[in-house]
Amino acid sequence: MEEFIQAESKDQGKTVTFARAVDIPRSAQNFRFFASSVLHHTTECSQMDHMGCLNYTVRCPVGVAGLISPWNLPLYLLTWKIAPAIATGNTVVAKPSEMTSVTAWMMCKLMEEAGVPPGVVNIVFGTGSRAGDALVAHPDVPLISFTGSTATAQRITERSAPYCKKLSLELGGKNPAIIFADADLEQCIETTVRSSFSNQGEICLCTSRIYVERSIYSEFLEKFVAAARKWKTGDPSDPSNHNGALISKEHLEKVRSFVALAKSEGAVIHCGEGVDHLDLPEPNKSGYFMPPTVISGISDCSRVMQEEIFGPVTCICPFDTEDEAVVRGNGVRYGLSATVWSRDVGRVHRLAQRLQAGLVWTNCWLVRDLNLPFGGMKHSGVGREGGKDSYHFFTEVKSITIKH
């Protein structure tokens, strides 16, 4: 396990602490979960006595599953796809991100040692435009599970359309946190700092828009900025650091450009990029590091509030009413996740119903039961995976009628 932890950190830029706590344990858990889960699904049966018929359903493997995983949680999300695909009897052709392929290669070695037959799990290394496109457009691959950007998903949809493939698309997010005055502020701030900046903000579920009830806005903003400044960025191998490096120079420049845009539009940068100096060790000085950045005074119409930044940047805005918070929370093209902070049980149930998000957490973040559906609404995706949803996606149902 330690070899995988070190490799994931070095390949992706995340801290060894995060890889040890999240990526590698969850990758193993994905296999364990689906190995057990697949044993407990049932099929349907109905009788038609007046016709002398018995009807029942069976689930059959789809065949070859095409799996495309991203660079932010490399092994975690690759195994999330491979485990249910092979558990339901399919073979796999998987393409990990060309930017983070090391642990996928290491996993192949382990599968060989574990006795997985040759040809069951096939890993293709290459770019999206070549290897990914060939996989998506291949007529003998009837199913594609993809996690990545909305733009790439649109291309996958177009390329796969002539073959009527089954698609599961888990895409980006612009996830809101809605914080009411009756929230447990200490717990809320601690968790929302984590939800905003974990893994350098390179998680599709990260909080990038924070709406705070006006009566506590000033207090929240002051305490949140102070807590964000304590979220340490530096050498990924140092266990005292919370964040490591971003994935690439190009991505760092993209994230920085959003901060520059916010500043040009009159927003206030409270901490992080352009405000706080990063004191990095000499070997890391030329790396792609960026401190947690907090922005206020930005319009909901700004690209900073509308587009997925996918970095350690979050924006904080006040709101006055519950209805306003819902409208603003829903006011983007994405709908992956949301968090609501309040002690009012009725309120959290109302907001959970009204928010356009595939996952809604209340008074917590990233609590996951793998039995439950995972996926987003609107431009955040098509379909769901996890537990029964993965079982249905990676199989075809067949109705059989027996006349007796």
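Here the structure is a predicted model, which means the values were calculated and not measured. Positions are given from 1, in the same order as the sequence printed here.
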Anything under 3.5 Å between a donor and an acceptor, one on a side chain of residues 150-157, the other on a protein residue two or more places apart or in another chain? List them.
from	atom 1	to	atom 2	distance (Å)
Thr150	OG1	His379	O	2.9
Thr152	OG1	Ser149	OG	2.9
Thr157	OG1	Ala153	O	2.9

Would you be so kind as to tabulate the donor-acceptor pairs closer than 3.5 Å made by side chains of residues 218-226, with sequence neighbours excluded?
from	atom 1	to	atom 2	distance (Å)
Glu219	OE2	Lys223	NZ	2.9

Could you pull out every donor-acceptor pair under 3.5 Å between side chains of residues 369-376 and any protein atom, sequence neighbours left out?
from	atom 1	to	atom 2	distance (Å)
Asp369	OD1	Asn371	N	2.9
Asp369	OD1	Asn371	ND2	3.1

Mind listing the side-chain donor-acceptor pairs of residues 113-126 below 3.5 Å, one per line with the distance, residues two or more places apart or on another chain?
from	atom 1	to	atom 2	distance (Å)
Asn122	ND2	Val92	O	2.8
Asn122	ND2	Gly119	O	3.0

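Pairs of residues two or more places apart, or lying in two chains, that qualify as salt bridge (charged side-chain N to carboxylate O under 4.0 Å, His left out) and include a residue from residues 248-271 are Arg256-Glu273. For the side chain to side chain donor-acceptor pair (under 3.5 Å) condition, the pairs that include at least one residue of residues 192-203, sequence neighbours left out, are Gln12-Glu202, Lys14-Asn199, Ser195-Thr207, Gln200-Glu202. Residue pairs meeting the ring-ring contact (aromatic ring centres under 6.0 Å, His included) criterion with at least one member in residues 251-285, sequence neighbours excluded, are Trp71-His251. Screening residues 322-344 for salt bridge (charged side-chain N to carboxylate O under 4.0 Å, His left out) gives Asp300-Arg328, Glu322-Arg347, Glu322-Arg350, Asp323-Arg354, Glu324-Arg328 as the qualifying pairs, with residues at least two apart or on separate chains. Among residue pairs with one or both ends in residues 20-39, those qualifying as ring-ring contact (aromatic ring centres under 6.0 Å, His included) are Phe34-Trp80; sequence neighbours excluded. Residue pairs that meet the salt bridge (charged side-chain N to carboxylate O under 4.0 Å, His left out) test with at least one member in residues 276-295, sequence neighbours left out, are Arg229-Asp276.
Annotation: salt bridge (Lys or Arg N to Asp or Glu O under 4.0 Å) contacts of Arg130 (sequence neighbours excluded): none. Scanning for salt bridge (Lys or Arg N to Asp or Glu O under 4.0 Å) contacts around Arg214 gives Asp320, with sequence neighbours left out.
In this structure a side-chain-to-backbone donor-acceptor pair under 3.5 Å is missing from Arg209 to Ala177.
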Test side-chain contact (heavy atoms from CB on, under 4.5 Å) applied to Leu355 and Asn330, step by step: CA-CA 6 Å; Leu355 287 168; Asn330 290 338; 3.8 Å; yes
